[in-house]
Structure formats: C-alpha cells, structure tokens
*Asks:* 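Okay, handing you the structure first.
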Amino acid sequence: MAQLSLATQQQYRFMTQTLSTSIKSTPYWWEDCAFSPLPVSKLDKSCDVAIVGGGYTGLSAAIELARAGKHVQLFDRQALGQAASSRNGGMASGSIRPSRKELIRRFGLDRANGILLEGQTARQDLWRFLKADNIEADFTLSGLFEGAMTAEETEELRRHAGFLHDSLGIETFAVQGSDVRNYIGTDLYVGGMVRMDIGGLQPAKLLAGMIRVARETKAVIHENTAVLEWASDRAGLRITTNRGEVLAKKLLVCTDGYTDGFDPWLCRRLVPVRSRIIATEPLDKQVMDRLMPARMMYGDMRKLSYYYRPAPDGSRILFGGRDGTTAGDPATPIVNLRTELARLFPELNNLGITHSWFGNVAMHRDMIPRIFSRGNTIYATGYCGSGIVWARWLGKKAALKILEDTEQPRSAFDFDQAPKAVPFFRGRPWFIPLVYWMYERNDRKTLRRRKKA
C-alpha cells in the first residue's frame with residue numbers, strides 16, 4: 001500500500017472493515033435514548049395554532065403557545081425523533097456563517113450587532129430552559145476551540161476573539177504555536193481561538209426532554225401525520241392532512257431541512273444538505289487525554305465545515321462534516337470523514353468506526369436563521385447547520401410573535417422578507433456535488449499553503 005494515496009489507503013481499509021464488522025447507520029445518540037411511539041391523539045377540527053414540524057423549533061413554539069393558553073396542534077409526517085434534532089453533533093454554538101463585516105454590509109451596523117448579541121441571549125436561554133424544565137441532556141459548558149491552518153487564519157481568529165471579548169463581553173482568546181496542544185493534540189493547526197460560552201449536549205436527550213415538556217403543557221402532538229396542503233379561509237387557514245382537515249387561526253412552519261412538497265414556495269428557498277457524523281471505536285483515556293486534553297467542542301475554518309467532539313462520556317470521538325451526496329447511503333462520505341480524521345489525528349489511521357449517519361440541514365441564499373411571514377403563515381427556519389441553539393430560540397420567538405407579546409424585544413432574526421428563491425432549484429439539490437467539489441478544491445489550496453509554511 002506504500003504507493004497508494006492516503007485517501008486510497010483509507011478506502012481500502014474501509015472496504016476491509018466492512019467485510020468483517022458492521023457499521024451502524026443509526027445515530028450514536030440513539031444508543032442511550034430511544035424514541036417510543038406517542039399515543040395517537042384525536043384530530044381536533046379547529047385550533048388556535050397549527051405547527052408543521054416536530055423538531056426543536058416546533059416543540060419550542062408549542063411549549064410557549066400552550067403555556068400561554070393557546071390550543072396548539074403539532075404535525076410531523078414521521079415519528080418524532082427521526083430527523084435532524086436527534087441526528088446532529090450536539091454542539092450548542094449558535095454560530096453565524098457570515099462574518100461580522102459581511103453582516104454589516106448586508107444589514108447595517110445595528111442589526112449586525114443585534115444578531116451577534118442575540119446569540120448570547122439564545123445560548124443562555126437554552127441553559128436556563130434545561131435547568132428550569134429538568135431536562136437531563138448531558139450538557140457541559142465545555143467551550144469551543146476553532147483551529148487555524150495558516151498564519152492568515154490565525155490572525156483572522158485573533159481579531160475575531162478581540163471583538164467577541166471587547167464588544168460582547170465573551171470569554172474569548174487567541175491561541176498560537178505550541179499552546180495549541182493544550183487544547184487539541186494535532187500538528188494540523190498553527191493557531192486558533194477559544195471561546196468559553198459554547199457547550200455540548202446529547203441532542204436526542206434534548207429532543208426527548210422537549211417532547212415530554214410539550215406533552216405536559218397539553219399541546220396536541222400528531223406524529224406520522226403529514227400536512228399535504230393548506231389554503232386561506234375566512235376564519236383562518238384550512239389545513240389538509242392525511243388524517244383529515246383542520247381549521248387554524250395561524251400556521252407555523254418549522255420543517256427546515258425536511259421541507260417537502262406540501263410547501264413548494266418554501267422548497268424553492270431552502271436547500272437540504274446532508275451532514276454526516278462518524279463515531280470511532282472506544283479509545284483509552286490516555287489517548288483521549290492526548291488528542292482532546294481540554295474536552296471541548298472543536299471545528300476549524302475550512303469551507304467543508306468539519307466539526308468534532310468527544311462523546312459525552314469521553315469514551316470516543318464523534319467527527320462530522322458535509323456529506324456531498326444527495327441520495328442513497330454511499331460509502332464515499334464515510335471514507336472522506338475517515339481521511340480527514342486521520343489527517344487531524346494520524347495515530348487514529350487504523351481505528352475502526354462503529355456508527356455513521358446523516359441528517360439534513362437547510363441552507364439558503366442569506367445563510368442567516370430567520371423568522372418571516374406570508375399572510376397568516378409564519379416561518380422559523382434556515383439554521384444552516386447551527387440548529388441546537390437557533391432552532392429552539394426561533395421557535396420561542398415565533399411563538400411570541402404569534403402571541404403579539406410586546407413586552408419582549410423583537411428578534412434581530414425576524415425579517416420582513418423571506419429568503420430569495422434559489423435559481424433553477426425546485427427541491428432536488430442537483431448542484432450539491434459541484435458545490436462540494438469547489439469547497440474541497442479551496443480546502444486543498446489551504447492545505448498546500450499550510451505545508452509550504
């Protein structure tokens with residue numbers, strides 16, 4: 001194998017492994033958090049608010065609305081617990097993809113700063129919610145290390161750390177040179193940034209806790225009940241499901257990366273992108289101490305957005321990134337993630353994988369989570385891969401918008417307009433492999449610059 005490239009060697013080892021072992025295609029999170037079918041509830045012919053989507057956003061809104069005395073019915077086309085809310089990496093970051101400079105260019109200084117400040121509020125509100133409603137989700141305020149592979153990236157992160165510290169009061173600092181190994185045992189990064197306001201949790205346990213709380217508030221949950229279409233009515237909105245019709249005064253759509261043909265207008269605005277995670281075999285404590293001494297959440301500045309973390313019990317590494325495929329469950333993305341894991345930690349080159357799974361995230365042209373309205377229909381969506389914090393927060397803020405709560409400040413993510421439609425897109429992301437190739441090409445250039453330096 002000496003003449004083979006690293007990627008080819010990885011593929012060879014992967015094919016060998018699959019012949020002798022079984023990689024589970026279900027999330028690692030499901031090993032200690034199973035979702036049982038909910039009791040079938042009667043379909044009420046009318047309600048105050050109908051919610052489509054039973055993930056973090058829909059459940060958060062249902063909890064807020066039901067506690068305010070509203071009659072709420074929530075619909076999900078599949079069993080709760082099957083989509084992104086139990087499949088993500090459990091990194092409670094509330095990150096925003098556009099830079100502050102880009103936010104200011106698009107929205108002006110006040111709104112740009114409002115977006116960044118609201119991230120702090122949203123994270124703190126999540127911690128409060130976990131405590132107030134007794135949700136045991138293995139949460140730790142671990143902090144986040146973001147790696148830099150070049151001097152230019154190191155300088156960019158240094159400036160960003162200064163802004164977060166000086167302007168937002170976040171405990172944040174830059175890391176350079178040999179100090180990197182205090183946080184992560186790799187030679188890939190020459191610098192980085194640490195911020196201590198970000199934590200990690202077990203996402204399936206968070207979802208299970210929210211389902212419990214929503215049911216305790218008497219919100220009516222209808223899983224395996226697909227919304228097929230809806231139309232305006234003099235009394236509100238007439239919603240057609242596969243179990244019958246419902247008349248609602250308001251409709252809240254929270255389907256994000258799982259939006260289907262029930263809303264063709266929204267389908268043209270949200271691009272479903274697969275994000276995949278692999279879980280390693282268990283590692284000795286000494287190995288974890290060497291590779292992840294700080295036990296933080298981790299990421300870097302590459303276009304393909306790799307993210308990784310220790311499992312909540314510290315027994316293994318979970319490593320994720322964008323999948324690049326649009327159908328089936330092919331082996332290539334698993335090989336890619338194994339390759340990048342070995343690039344980061346060469347000593348794990350021969351380590352086995354126990355789980356590999358994916359879920360959909362929703363991207364759009366603005367790349368900013370948002371609330372927007374269309375008649376009596378309100379949307380909370382577009383989290384761009386940062387749903388742990390934003391999905392729950394915007395569900396809550398959308399509920400307050402429906403309640404016309406003037407005591408709470410309007411969210412900086414409450415936009416007057418929807419994201420623009422994506423040209424030549426009607427729900428099937430045919431262009432994802434091309435975008436993936438372009439991002440991968442950019443990352444290869446960064447790696448070449450790193451080697452030259």
Side-chain angles (χ1 to χ4, degrees), residues 24 27-33 56 84-95 123 126-127 130 136-148 175 180-186 188-189 192-207 275-285 287-302 304-323 334 336-338 340-345 347-348 351 353-359 361 383 385-391:
K24 293 185 178 181
Y28 172 73
W29 309 120
W30 293 3
E31 296 296 322
D32 65 349
C33 185
Y56 298 142
S85 292
S86 70
R87 292 175 170 269
N88 61 79
M91 298 170 65
S93 64
S95 61
R123 282 186 289 273
L126 175 58
W127 317 156
L130 293 174
E136 296 293 337
D138 301 331
F139 170 72
T140 58
L141 193 57
S142 59
L144 169 77
F145 175 87
E146 186 170 3
V175 179
V180 168
R181 283 192 168 267
N182 293 331
Y183 304 95
I184 183 169
T186 184
L188 185 63
Y189 302 136
M193 178 186 76
V194 169
R195 54 184 299 177
M196 296 305 301
D197 63 329
I198 287 173
L201 49 71
Q202 211 280 36
K205 289 184 178 180
L206 170 59
L207 182 66
S275 192
R276 181 178 291 271
I277 303 175
I278 57 175
T280 70
E281 292 176 340
L283 295 163
D284 291 339
K285 182 179 182 300
V287 177
M288 290 298 294
D289 287 343
R290 186 167 59 250
L291 300 182
M292 292 183 165
R295 300 295 198 275
M296 290 182 157
M297 305 294 107
Y298 296 90
D300 57 37
M301 299 181 70
R302 281 180 281 183
L304 285 180
S305 301
Y306 296 105
Y307 53 94
Y308 41 101
R309 57 167 294 177
D313 64 359
S315 65
R316 66 186 74 207
I317 292 173
L318 309 180
F319 190 90
R322 300 297 173 251
D323 186 301
I334 307 176
N336 291 340
L337 288 178
R338 286 169 57 102
E340 295 306 324
L341 178 63
R343 193 191 307 279
L344 186 69
F345 302 123
E347 66 181 273
L348 302 185
L351 188 67
I353 302 300
T354 61
H355 297 70
S356 172
W357 72 96
F358 66 86
V361 300
Y383 307 120
S386 295
I388 286 277
V389 171
W390 293 127

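Note that the structure is a prediction, hence the values are computed from the model and not measured.
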*Asks:* Please report the closest heavy-atom contact between Arg276 and Asp323, naming both atoms and the distance.
*Replies:* NE-OD2, 2.8 Å
*Asks:* Does Arg309 reach the main-chain N or O of Gly90 with its side chain, forming a donor-acceptor pair under 3.5 Å?
*Replies:* yes
*Asks:* State whether the number of non-hydrogen atoms from other residues, nucleotides or ligands found under 6.0 Å of Glu31 atom CD is greater than 12.
*Replies:* yes
*Asks:* Report the distance from atom CG of Leu126 to atom CZ of Phe139, rounding to the nearest 0.5 Å.
*Replies:* 7.0 Å
*Asks:* Donor-acceptor check, side chain of Trp30 to backbone of Arg87, threshold 3.5 angstrom: yes or no?
*Replies:* no
*Asks:* Just by modelled atom types, is the Tyr298 backbone N or O under 3.5 Å from a matching donor or acceptor in the Tyr183 side chain?
*Replies:* no
*Asks:* Between the side chains of Tyr307 and Ser93, is a donor N or O closer than 3.5 angstrom to an acceptor N or O?
*Replies:* no
*Asks:* With side chain to side chain donor-acceptor pair (under 3.5 Å) as the test, pick out the partner of Gln202 among Asp138, Asp32, Asp313.
*Replies:* Asp32
*Asks:* As a test of understanding, state which of Asn182, Ile198, Ile184 forms a side chain to side chain contact (heavy atoms under 4.5 Å, CB included) with Phe145.
*Replies:* Ile184
*Asks:* Taking the side chain from Trp29 and the backbone from Asn88, do they hold a donor-acceptor pair closer than 3.5 Å?
*Replies:* yes
*Asks:* Would Asp289 and Arg295 count as a side-chain contact (heavy atoms from CB on, under 4.5 Å) if you check the C-alpha gap in whole Å, the side-chain angles of each, and the deciding distance to 0.1 Å?
*Replies:* CA-CA 8 Å; Asp289 287 343; Arg295 300 295 198 275; 2.8 Å; yes
*Asks:* Between Arg316 and Tyr28, does the side-chain contact (heavy atoms from CB on, under 4.5 Å) criterion hold? Intermediate values first, please.
*Replies:* CA-CA 11 Å; Arg316 66 186 74 207; Tyr28 172 73; 3.5 Å; yes
*Asks:* Between atom CE of Met91 and atom CG of Leu201, what is the distance when rounded to the nearest 0.5 Å?
*Replies:* 11.0 Å
*Asks:* Closest approach of Thr354 and Thr280, non-hydrogen atoms and distance?
*Replies:* OG1-O, 3.6 Å
*Asks:* Which pair of non-hydrogen atoms, one from Asp197 and one from Trp127, has the smallest distance, and what is that distance?
*Replies:* O-CZ2, 3.7 Å
*Asks:* What pair of heavy atoms forms the shortest contact from Met296 to Pro310, and how long is it?
*Replies:* O-CD, 3.1 Å
*Asks:* Let me see the working for His355 and Leu318 under side-chain contact (heavy atoms from CB on, under 4.5 Å), right down to the final yes or no.
*Replies:* CA-CA 9 Å; His355 297 70; Leu318 309 180; over 6 Å; no
*Asks:* To the nearest 0.5 Å, how far apart are CG in Leu130 and NZ in Lys205?
*Replies:* 12.5 Å
*Asks:* Quick one: pull up CD1 in Ile353 and CZ in Arg338 and give me the separation to the nearest 0.5 Å.
*Replies:* 5.0 Å
*Asks:* CG/Leu144 to CZ/Arg195 distance, rounded to the nearest 0.5 angstrom?
*Replies:* 7.0 Å
*Asks:* Of all heavy-atom pairs between Gly387 and Tyr56, which one has the smallest distance, and what is that distance?
*Replies:* O-CD1, 3.9 Å
*Asks:* Locate the shortest heavy-atom distance separating Pro203 from Ile388; write the atom from each residue and the value.
*Replies:* CB-CD1, 4.1 Å
*Asks:* Verify side-chain contact (heavy atoms from CB on, under 4.5 Å) between Leu283 and Leu348, making sure each step is shown before the conclusion.
*Replies:* CA-CA 10 Å; Leu283 295 163; Leu348 302 185; 3.9 Å; yes
*Asks:* Does Lys285 reach the side chain of Met288, with side-chain heavy atoms less than 4.5 Å apart?
*Replies:* no
*Asks:* Measure the spacing between SG of Cys33 and CG of Leu206 and express it to the nearest 0.5 Å.
*Replies:* 9.5 Å
*Asks:* Measuring only between side-chain heavy atoms, which start at C-beta, is Phe319 closer than 4.5 Å to Leu344?
*Replies:* yes
*Asks:* Do side-chain atoms of Ser315 reach the backbone of Pro282 as a donor and acceptor pair under 3.5 angstrom?
*Replies:* no
